[in-house]
**Student:** 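Below is one structure. I have some questions about it.
Every chain is numbered from 1, with letters handed out A, B, ... down the list of sequences.
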2 protein chains.
Amino acid sequence: MRQIAGEVGVQAGALYNYTPDKQSLLFRLMRDHMDGLLAARAERGDGGGALDRLEDFTRFHIRYHIERPNEVFIAYMELRNLEPENFAVIERLRGEYESELEGILRDGVAEGVFHLTDPKIASLAVIAMLTGVNTWYRPQGRLTLDDVETLYWDMVRGAVGAAV
Amino acid sequence: MRQIAGEVGVQAGALYNYTPDKQSLLFRLMRDHMDGLLAARAERGDGGGALDRLEDFTRFHIRYHIERPNEVFIAYMELRNLEPENFAVIERLRGEYESELEGILRDGVAEGVFHLTDPKIASLAVIAMLTGVNTWYRPQGRLTLDDVETLYWDMVRGAVGAAV
DNA sequence: AGGCTATATGAACGGATGTTCAGAAAAAAG
DNA sequence: CTTTTTTCTGAACATCCGTTCATATAGCCT
């Protein structure tokens, strides 16, 4: 708390005009992040075939997460510091987001364009793969964000068994 | 330290007969984990074509990590608590492991069995995907470890552009 | 200008942390 | 059994942490 206050340019006590305690601050940070993610995702049109929707999801996920490295870092590293009740809320939101992808995968299987025996597991695998970009991507690196999106889209398309 | 001592059944001070300080304890834990991982990996035969070697890597990675959830958890969550010098050592070991996979992918591209424009990125993507199993797998779940291995192998094979 | 509300300070609190160390206890060696 | 070595205890240390609160400051309204 003293560190946060320091970066804001204020004493630690002053923070308690804005949050009842540290746990609430962390929770609101993480819930706002998930709300923002779900809202931004909802803005994307969900029309078209499963293949197009999966490509859109892939590019969206990478871009949204890369643009918010701090939130993403906290969302993953501080999960264990949430009180059980707060943890449950965040996990539910995360589940909602995963269901978005799972729905696309199921539709694609139904369309016959994806070949997956377990869309639920596949959605977790794809999200893990995509979120992994945050651990190595550097804006000044050799790849543009567009390059990265395309590379990952190729891999995701293959992973779900879509034709080349 | 008091918590660790408690689980061992000893007072905190006694731990300092076995480690000079907390940082060394964490570092040794993580280095031993990486050493073990590399050693276990080295024991696997590296003969055969790239496709077989990739399948072996996939199954090996999932199984080795699932059998050591605590070490893996610490290896990921406590990275930021390593002093720079120690961090560099762990990162180098991790790089060694990633290079194993990258080598397989490069060989597969050379053989014409994989279709990847960037084997380095692909290796990171595959490892992220595989390690993700640790976040959801539960031994009493609906899938056996063998099921999981096979599901992921199907996805990995597709992701690297291998023929079905 | 004066009063009111919102916000900030700075010291203090109780408790947790990593670490040290003199002395007790336990184990090994003779 | 006695001595020596290894291991453990229990208290103490300095420092850090989240949080509270009386007091001071700042901004706004009339």
Side-chain angles (χ1 to χ4, degrees), chain A residues 1-39 65 68-95 131 134-135, chain B residues 1-38 65 68-94 131 134-135:
Chain A
M1 295 301 275
R2 280 176 237 263
Q3 202 172 327
I4 291 172
E7 283 199 43
V8 181
V10 105
Q11 290 297 107
L15 296 181
Y16 289 82
N17 289 317
Y18 305 94
T19 182
D21 50 39
K22 193 189 175 190
Q23 170 73 201
S24 307
L25 185 61
L26 174 62
F27 174 61
R28 238 178 38 199
L29 206 66
M30 294 179 68
R31 198 199 44 200
D32 287 357
H33 172 66
M34 288 309 299
D35 285 348
L37 175 66
L38 285 166
H65 284 75
R68 293 161 182 81
N70 293 336
E71 282 97 325
V72 172
F73 184 81
I74 286 180
Y76 277 78
M77 298 304 259
E78 303 296 335
L79 251 186
R80 60 171 157 166
N81 293 316
L82 286 178
E83 290 166 4
E85 189 181 330
N86 292 336
F87 179 85
V89 173
I90 300 300
E91 212 175 33
R92 189 169 47 72
L93 292 173
R94 193 170 289 198
T131 308
N134 273 58
T135 66
Chain B
M1 296 300 275
R2 280 175 237 263
Q3 202 172 328
I4 292 171
E7 283 198 43
V8 180
V10 103
Q11 291 296 109
L15 296 181
Y16 289 82
N17 289 316
Y18 305 94
T19 181
D21 50 37
K22 192 189 175 190
Q23 170 73 201
S24 307
L25 185 60
L26 174 61
F27 174 62
R28 237 178 39 199
L29 207 64
M30 293 179 68
R31 198 200 44 200
D32 287 356
H33 172 65
M34 288 309 299
D35 285 349
L37 175 65
L38 286 166
H65 284 75
R68 293 160 181 81
N70 293 336
E71 283 96 325
V72 172
F73 184 81
I74 286 180
Y76 277 79
M77 299 304 260
E78 303 296 334
L79 251 185
R80 59 171 158 166
N81 293 317
L82 286 178
E83 288 165 5
E85 190 180 329
N86 292 337
F87 180 85
V89 173
I90 300 299
E91 213 176 31
R92 189 170 46 73
L93 293 173
R94 192 169 289 198
T131 308
N134 274 56
T135 66

**Student:** Before accepting this row, confirm whether a basic side-chain N of the pair Lys22(B)/Glu78(B) lies closer than 4.0 Å to the acidic partner's carboxylate O.
**Tutor:**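 Salt bridge: no.
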**Student:** Near DNA chain D, which residues from residues 19-30 of chain A have a heavy atom under 4.0 Å away?
**Tutor:**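 Under 4.0 Å from DNA chain D: Asp21(A), Lys22(A).
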**Student:** Looking only at heavy atoms, what is the nearest atom pair of Arg2(A) and Ala12(A), with distance?
**Tutor:**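 Distance-wise, the nearest heavy atoms are CG-CB, 3.7 Å.
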**Student:** To the nearest angstrom, how far is Arg2(B) atom CZ from dG18(C) atom C1'?
**Tutor:**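 My rounded result for the distance is 7 Å.
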**Student:** Closest approach of Arg28(A) and Tyr18(A), non-hydrogen atoms and distance?
**Tutor:**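 Heavy atoms only, the tightest pair is NH1-O, 3.7 Å.
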**Student:** Would you give the length of the straight line joining atom CZ of Arg94(A) to atom NE2 of His33(A), rounded to the nearest 0.5 angstrom?
**Tutor:**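 Answer rounded to 0.5 Å: 7.5 Å.
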**Student:** Below the 4.0 Å mark, does dC8(D) have OP1 or OP2 next to a side-chain nitrogen or oxygen of Tyr18(B)?
**Tutor:**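 It does, given that an N or O in the side chain of Tyr18(B) lies less than 4.0 Å from OP1 or OP2 of dC8(D).
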**Student:** Take the protein atom CG of Asn17(B) and the nucleotide atom P of dA25(C), then report the distance between them rounded to whole Å.
**Tutor:**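 After rounding, the gap between these two atoms is 17 Å.
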**Student:** Looking only at heavy atoms, which two atoms of Gln23(A) and Leu82(A) are closest? And how far apart?
**Tutor:**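 The pair with the smallest heavy-atom distance is OE1-CA, 3.4 Å.
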**Student:** Using the side-chain heavy atoms of Ala14(A), tell me which of these nucleotides is nearest: dT19(D), dC8(D), dT9(C).
**Tutor:**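 Nearest listed nucleotide: dT9(C).
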**Student:** Please state how far atom OH in Tyr16(B) lies from atom P in dG23(C), giving the value in whole angstrom units.
**Tutor:**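 Nearest whole value for this atom pair: 22 Å.
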**Student:** Of the non-hydrogen atoms in Asn134(B) and His65(B), which two are nearest, and what is the gap between them?
**Tutor:**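 Heavy-atom minimum between the residues: ND2-O, 3.1 Å.
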**Student:** Please report the distance, rounded to the nearest Å, between CD in Gln11(B) and P in dA25(C).
**Tutor:**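 The distance from CD of Gln11(B) to P of dA25(C) comes to 15 Å, rounded to the nearest Å.
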**Student:** Would you mind telling me which residue lines up with the more 5' stretch of DNA chain D, Met1(A) or Gly9(B), judged by nearest nucleotide?
**Tutor:**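 Counting from the 5' end, the first nearest nucleotide belongs to Gly9(B).
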**Student:** Atom CD of Gln3(B) and atom C1' of dT17(C): how far apart are they, to the nearest Å?
**Tutor:**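 So the two atoms are 12 Å apart, to the nearest Å.
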